[in-house]
Number of protein chains: 2
Amino acid sequence: MQDEGFLVKSAVSGEEGLALIKKEKIDLVLLDINLPGINGLEVCNRIKISEHIPVIILSCRDEDSDVISGLEIGAEDYIRKPFNHKELTLRVKKLLIRSGREEQSSIKTGKLLIKTDREEVYFNSREVKLTPMEYKLLEVLGNKVDWVMSWQVLLRKVWGYEDWEGGREIIKVNIRRLRKKIEPDPSQPVYLLTERGRGYKLAQL
Amino acid sequence: MQDEGFLVKSAVSGEEGLALIKKEKIDLVLLDINLPGINGLEVCNRIKISEHIPVIILSCRDEDSDVISGLEIGAEDYIRKPFNHKELTLRVKKLLIRSGREEQSSIKTGKLLIKTDREEVYFNSREVKLTPMEYKLLEVLGNKVDWVMSWQVLLRKVWGYEDWEGGREIIKVNIRRLRKKIEPDPSQPVYLLTERGRGYKLAQL
DNA sequence: CAATCCTGTGACAGTTCGGTAACAATTGTA
DNA sequence: TACAATTGTTACCGAACTGTCACAGGATTG
């Protein structure tokens, strides 16, 4: 990779890798599934929770289920070992280009516009200032527009908590705060809808 | 697994597990290799002798020989510890679908459409809002369209109660509530039919 | 034909769930 | 240090959900 002109940092364990990502500005992660310490898929999961970095998974297990769970967890691509050089650099370049452009990718529903690259939100073409948590919650919901997400899912995707009874509360309150900012009438939500007993969704208008 | 909507029974030893299988209607077994009492592989063997239940083996020994003997003995799949929970549920779902015990993603009869992945119900292409319990009851019935289900079965599949005399009441009432929402004329049911003395069924039209 | 069982029906009440506001803890900043 | 913004915590209310009950009427059985 260095021969190809990439600037490479490496880590020998999941923990070390995650620390590296926190510290440095990383454009893309090549991730081995078989790791000492944390499982590779778990590492991928954690990266996706906190960052917007594309991940390519490397693995020698070539069962389909691994591809699926790798991609479901949010990995952008998957390469089986043994792979050849050329294929790897090709996929990396493709992803870097895509993420360079995709960073302008935005989510739109009704008069609501979410620019995911800049983490900015607009309503009626006017910017709405959201706090980090509010933004993250909205983005997670926006990533699957019109899909109901339970509080367990939101808790995991937004806060990274796995199970936690108190989570219903913090979601309630943060939904409330979001509504105050992006709903024309927060008491009659049009965008952030409640599905009683199931969860919340961002409506596709 | 319970969060994912599965109904889970657990046992702490091979003997207990085998007894459970004899007593309950089990769709799939997650089996740990390292067990007190009988060896896990032996348990798998005995299950396969007497039943047709898919078995997934869990193990922290990741030697190949274990995979082989696990699969040779008739286990349908094998997961190494530590596994991530998405991978596990994916494999479980895959197996349940393959063995015909898992619901399809969409059920249709007459003008009634049930989207099981989104937990949404449509009548005449218009969405009908159901409460969680109502939905679950309908889904269970839709899962085996045109099959009469006794109140005991419904009680187990919808509420998870095993035996309970009072159950007839809550089913009566919930059937009533469902009919009010999805029947054109609730007093003359066309979809949710009563088989007196046997139970209820969702008619295939 | 009467007694009994099963189901349909409406009303009621306890519980859960989501909306709301105010407060407390934490963090960042001047 | 003081102040402000952010974020989690708690309490309370009202509405929705869901189980219980009583009763009626039709079917079944002896």
Side-chain angles (χ1 to χ4, degrees), chain A residues 49-50 119 121 128-141 148-156 158-161 164-203, chain B residues 119 121 128-141 148-161 163-201:
Chain A
I49 285 170
S50 51
E119 305 204 349
V121 176
V128 181
K129 286 286 180 196
L130 297 186
T131 69
M133 269 304 169
E134 288 163 357
Y135 174 78
K136 200 156 193 183
L137 177 55
L138 183 59
E139 197 198 58
V140 165
L141 284 165
V148 180
M149 300 189 150
S150 68
W151 64 269
Q152 289 93 334
V153 170
L154 289 174
L155 200 61
R156 186 159 44 77
V158 180
W159 282 267
Y161 297 162
W164 186 43
E165 197 47 40
R168 319 166 65 117
E169 298 302 310
I170 96 181
I171 286 166
K172 255 198 325 199
V173 174
N174 280 285
I175 288 283
R176 162 84 176 145
R177 286 168 180 158
L178 253 181
R179 280 182 178 153
K180 273 188 174 171
K181 293 193 179 178
I182 67 169
E183 291 280 0
D185 176 5
S187 65
Q188 300 286 321
V190 183
Y191 294 94
L192 279 174
L193 303 184
T194 303
E195 297 269 323
R196 200 188 161 85
R198 303 208 172 78
Y200 297 92
K201 73 174 181 183
L202 182 62
Chain B
E119 301 200 355
V121 176
V128 182
K129 287 284 179 195
L130 298 185
T131 69
M133 269 304 169
E134 288 163 359
Y135 174 79
K136 202 159 189 184
L137 177 56
L138 182 59
E139 197 197 59
V140 166
L141 284 164
V148 180
M149 304 186 121
S150 68
W151 64 269
Q152 289 94 337
V153 170
L154 290 173
L155 202 60
R156 183 163 52 78
K157 291 212 173 192
V158 179
W159 281 268
Y161 296 164
D163 268 326
W164 186 43
E165 198 46 40
R168 319 165 66 115
E169 295 302 308
I170 87 184
I171 286 166
K172 261 198 322 197
V173 174
N174 279 285
I175 288 283
R176 162 79 176 150
R177 286 169 180 157
L178 252 181
R179 281 181 176 153
K180 272 188 176 172
K181 291 193 180 178
I182 66 169
E183 291 282 1
D185 176 5
S187 64
Q188 300 287 320
V190 183
Y191 293 94
L192 278 174
L193 304 184
T194 304
E195 296 270 322
R196 200 186 160 82
R198 287 190 252 298
Y200 298 91
K201 73 173 183 183

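All heavy atoms count here, side chains included; hydrogens, waters and symmetry mates do not. Order of the sequence lines sets the chain letters (A, B, ...), proteins ahead of strands, with each chain counted from 1.
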Rounded to whole Å, the CD-P distance (Glu183(A) to dT20(C)) equals 11 Å

Considering just the side-chain nitrogens and oxygens of Ser187(B), establish if one lies under 4.0 Å of OP1 or OP2 belonging to dT9(C). no

Quick one: does Trp159(A)'s side chain get under 4.5 Å of Met133(A)'s, heavy atoms only? yes

Sugar-phosphate, base or nothing in reach of Tyr161(B), heavy atoms under 4.0 Å: nothing

Just the rounded figure in Å: distance from P of dC12(C) to CD of Glu169(B). 18 Å

Just compare dT7(C), dT20(D), dG18(C) and give me whichever is closest to any side-chain atom of Arg168(B). dT7(C)

From CD of Gln188(B) across to P of dT7(C) the rounded distance in Å is 17 Å

Looking only at the side chain of Met133(B) (C-beta and beyond, no hydrogens), which of the listed nucleotides dT7(D), dT9(D), dG19(D) gets closest? dG19(D)

Test side-chain contact (heavy atoms from CB on, under 4.5 Å) applied to Leu178(A) and Leu202(A), Thr131(A), Leu137(A), the passing residue: Leu137(A)

Atom NZ of Lys172(A) and atom P of dA11(D): how far apart are they, to the nearest Å? 12 Å

Tell me: CH2 of Trp164(A) to P of dG8(D), nearest whole Å? 8 Å

Does Leu192(B) reach the side chain of Tyr200(B), with side-chain heavy atoms less than 4.5 Å apart? no

Below the 4.0 Å mark, does dG19(C) have OP1 or OP2 next to a side-chain nitrogen or oxygen of Tyr200(A)? yes

Which residue in the set Thr194(B), Asn174(B), Asp185(B) passes side chain to side chain donor-acceptor pair (under 3.5 Å) when paired with Arg179(B)? Thr194(B)

Does Trp151(B) reach a base, just sugar-phosphate, or nothing at all? Heavy atoms under 4.0 Å. nothing

Rounded to whole angstrom units, what separation is found between the CD1 atom of Ile175(A) and the P atom of dG18(C)? 11 Å

Residue pair Asn174(A)/Trp159(B) against DNA chain D: nearer the 5' end by closest nucleotide is Asn174(A)

side-chain contact (heavy atoms from CB on, under 4.5 Å), paired with Met149(A), selected from Ile171(A), Val158(A), Leu155(A), Leu141(A): Leu141(A)

Side-chain N or O of Arg196(A) closer than 4.0 Å to phosphate OP1/OP2 of dA15(D): no

For Lys181(B) and Val173(B), take the nucleotide of DNA chain D holding the closest heavy atom to each; which residue's nucleotide lies nearer the 5' end? Lys181(B)

Would you say dT7(D) has OP1 or OP2 under 4.0 Å from some side-chain N or O of Arg177(A)? no

Rounded to whole Å, CG of Leu137(B) lies from P of dG19(D) at a distance of 10 Å

Mind checking if Gly166(A) touches a base, just sugar-phosphate, or nothing, with heavy atoms under 4.0 Å? nothing

With the threshold set at 4.0 Å, does a side-chain nitrogen-carboxylate oxygen contact exist between Lys136(A) and Glu139(A)? no

Counting only side-chain N and O atoms of Thr131(A), is one of them less than 4.0 Å from OP1 or OP2 of dT7(D)? yes

Between Thr194(B) and dC6(C), is there a contact of a side-chain N or O with OP1 or OP2 at under 4.0 Å? no

Report the distance from atom CD1 of Ile170(B) to atom P of dG14(C), rounded to the nearest whole Å. 18 Å

